[in-house]
*Asks:* 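The structure follows.
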Amino acid sequence: MGKSTLFNRLTESRKAIVDETAGVTRDRHYGKAVWNGAEFSVIDTGGYVQGSEDIFEGEIRKQVELAIAEANVILFVVDVTTGITHLDEAVAGMLRRAKKKIFLVSNKVDNNERIAQSAEFYGLGLGEVYSISAMNSAGTGELLDDVVKAFDDTANEPETDLPKFAIIGRPNVGKSSLVNSLLGKERTIVTPIAGTTRDSIHTRYNYFGHDFILVDTAGIRKKAKVKEDLEFYSVMRSIRAIEESDVCLLMLDATLGIEAQDLAIFDLVVQNRRGIVILVNKWDLVENKDTSSAKEMEERVRTKLAPFRNVPIVFISVLEKQRLMKAIEAAEKVYANKSQKIPTRKLNDTMIPIIEQTPPAFTKGKDIRIKFVKQLPTKNPNFAFYCNHPQYVQESYKRFLENKLRENFDFSGVPVEIVLKKK
Ligand code: GDP
């Protein structure tokens, strides 16, 4: 289909702008993209393979239903070299009935002759056909211009100064149990506030001296007609929760440890530059615990999180109500870390001597000098280091700067961005 190529095109624009996440993305199916200042998540549904029409009724139907239910905008990618297939017709039939903005994308339009061939897809009854070549980017700019225009501005968050926390994790780790434990019994003392999107409930928790908004997307589970275990579905839900929150509480199952699926969700949080706390739940089920058990497990988890290891990890049991308040306090601390603005004077007094002690290596015969650093006035921590040859500063040195920042200031649980600028 060339769908993956398009996906890579969309998400690499982001990589070019922020390279801090380079090397941490383990999954190629979800990514962030920016176009004309609009930031959005791109999800590759997986799609279908040519010649596998018999499986349409199963997996494909589910994927299309999910996209219709969950996405803001749908890009339906067809292949100009094959023309309209039976599967295309079946998918188009479902999409025509959907009340979602659909972009019909004719891919592999690498030459003028194929532009004419693309006209065939008007026959699918989905309106305008966008001709692109994902391979060489032709047409993707026009497509993206229209895609970002179609985003629903009403989905923007309402103004609130309270921190927003989301509980995320793969199925069965105990997310609903934790939400119920925090909100369930105290229903009378929590105030439901207007949700920001049709599918999530934002509840204010103002009790025991804590005041925050809990973002709950679990409710949409009942609405979806598809099987719960579909990975795509749980990812869609995670993305929504992540996007609507400031800090994510990523739950793991203590009996399973940290696996690829957990790391994929962790990467989504980092890509979205949200704060993060890891909760190892069901600690009650771990037998023969001694004082070093938690330390050992913590080390194992941290090793998997590398290079972003500087994350709080709390061992909890929702069942036995163990350390739930500690989990909340950790999220509040991460929120404070994420919101802090370090005075320029203090930043320079700390970082410049470190840089003088261990300057960047000579590269291409250039003597690289970093003279000044300041935190940019962005929502997420972003530090600009001013330098005579910013393009020659190596990734490893940026890592070094980030580590030194973390040693001297508390950015535990917070993705930090380092940029080199010309001075
Ligand atoms: P979700 O899919 O992440 O929302 O997970 P649920 O909240 O539905 O929990 C899945 C299962 O794990 C349920 O049977 C819970 O009772 C159980 N569970 C949740 N938390 C704990 C815990 O701390 N200890 C134990 N032993 N079981 C738990």
Side-chain angles (χ1 to χ4, degrees), residues 27 30 62 66 69-70 164-187 190 192 195 197 199-203 205 212-245 247-269 274 276-290 293-294 296-298 300-301 312-331:
D27 207 299
Y30 338 104
K62 272 196 237 162
L66 267 173
E70 301 287 325
K164 285 183 251 134
F165 301 156
I167 296 167
I168 57 172
R170 64 165 122 167
N172 251 357
V173 284
K175 296 183 296 297
S176 315
S177 307
L178 179 55
V179 171
N180 289 342
S181 175
L182 291 171
L183 301 181
K185 301 239 173 56
E186 281 87 28
R187 277 284 176 217
V190 297
T197 67
D199 289 322
S200 60
I201 301 159
H202 290 202
T203 311
Y205 182 100
F212 58 88
I213 306 284
L214 199 61
V215 177
D216 185 12
T217 55
I220 61 174
R221 179 196 311 233
K222 290 169 201 89
K223 270 198 236 163
K225 282 180 258 127
V226 292
K227 276 238 288 293
E228 166 82 36
D229 59 357
L230 203 63
E231 206 222 12
F232 175 44
Y233 174 56
S234 76
V235 166
M236 286 276 227
R237 223 178 90 186
S238 307
I239 289 176
R240 187 192 318 270
I242 292 166
E243 286 179 340
E244 289 181 23
S245 65
V247 178
C248 297
L249 299 150
L250 172 58
M251 292 181 86
L252 306 179
D253 186 323
T255 62
L256 299 174
I258 183 161
E259 296 172 341
Q261 211 184 333
D262 307 305
L263 288 170
I265 301 175
F266 179 79
D267 287 342
L268 288 173
V269 179
R274 290 332 197 241
I276 187 155
V277 173
I278 297 220
L279 304 180
V280 182
N281 188 32
K282 310 195 188 180
W283 194 235
D284 56 286
L285 293 180
V286 176
E287 286 172 13
N288 307 319
K289 286 192 286 282
D290 60 29
S293 311
E296 282 163 23
M297 173 114 185
E298 191 179 320
R300 275 202 300 280
V301 170
I313 300 176
V314 185
F315 290 78
I316 65 168
S317 165
V318 176
L319 192 76
E320 297 184 346
K321 300 211 186 305
Q322 290 284 309
R323 287 177 292 277
L324 302 188
M325 278 305 134
K326 205 168 166 234
I328 296 307
E329 281 156 16

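Counting starts at 1 for both ligands and their atoms, in listed order.
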*Asks:* Which option out of Ile167, Val286, Asp284 puts a heavy atom nearest to atom 26 (N) of ligand 1?
*Replies:* Asp284
*Asks:* Go through Leu178 and Leu279 one step at a time and tell me if the side-chain contact (heavy atoms from CB on, under 4.5 Å) criterion holds.
*Replies:* CA-CA 11 Å; Leu178 179 55; Leu279 304 180; 3.9 Å; yes
*Asks:* Number the atoms of ligand 1 from 1 as they appear, then name those within less than 4.0 Å of a heavy atom of Leu285, with their elements.
*Replies:*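 Contacts of ligand 1 toward Leu285, numbered from 1: 26 (N).
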*Asks:* If you measure from atom 12 (O) of ligand 1 to every heavy atom of Lys282, Gln322, Met251, which option wins on shortest distance?
*Replies:*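 Result: the heavy atom closest to atom 12 (O) of ligand 1 is in Lys282.
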*Asks:* At under 4.0 Å between heavy atoms, which part of Asn281 makes contact with ligand 1: side chain, backbone, both or neither?
*Replies:* side chain
*Asks:* Of all the atoms in ligand 1, which lie at a distance below 4.0 Å from a heavy atom belonging to Leu319?
*Replies:* 22 (C), 23 (O), 24 (N), 25 (C), 26 (N)
*Asks:* With side chains defined as the heavy atoms from C-beta onward, is the minimum distance between Val318 and Met251 less than 4.5 Å?
*Replies:* yes
*Asks:* Would you check if there is a donor-acceptor pair between the side chains of Ser177 and Asn180 at a distance under 3.5 Å?
*Replies:* no
*Asks:* State which residues pass side-chain contact (heavy atoms from CB on, under 4.5 Å) with Glu298; sequence neighbours excluded, sorted by chain then number.
*Replies:*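 Listed in chain order: Lys295, Arg302, Ile313, Phe315.
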*Asks:* Distance-only, no hydrogens or angles: does the Arg323 side chain make a donor-acceptor pair with backbone N or O of Ser317 under 3.5 Å?
*Replies:* no
*Asks:* Of Ser317, Ser177, Gly169, which has the heavy atom at the shortest distance from atom 9 (O) of ligand 1?
*Replies:*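 It is Ser177 whose heavy atom sits nearest to atom 9 (O) of ligand 1.
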*Asks:* Could you tell me which residues satisfy side chain to side chain donor-acceptor pair (under 3.5 Å) with Asn172, sequence neighbours excluded, listed by chain and number?
*Replies:*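 For Asn172 there are no side chain to side chain donor-acceptor pair (under 3.5 Å) partners, ignoring immediate neighbours.
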*Asks:* For the 3.5 Å polar cut-off, considering only N or O atoms, please tell me whether Gly174 and ligand 1 meet it.
*Replies:*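 Between Gly174 and ligand 1, an N or O pair is found under 3.5 Å apart.
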*Asks:* By number and element, which atoms of ligand 1 are closer than 4.0 Å to a non-hydrogen atom of Lys175?
*Replies:*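 Near Lys175, meaning under 4.0 Å from one of its heavy atoms, ligand 1 has 1 (P), 2 (O), 3 (O), 4 (O), 5 (O), 7 (O).
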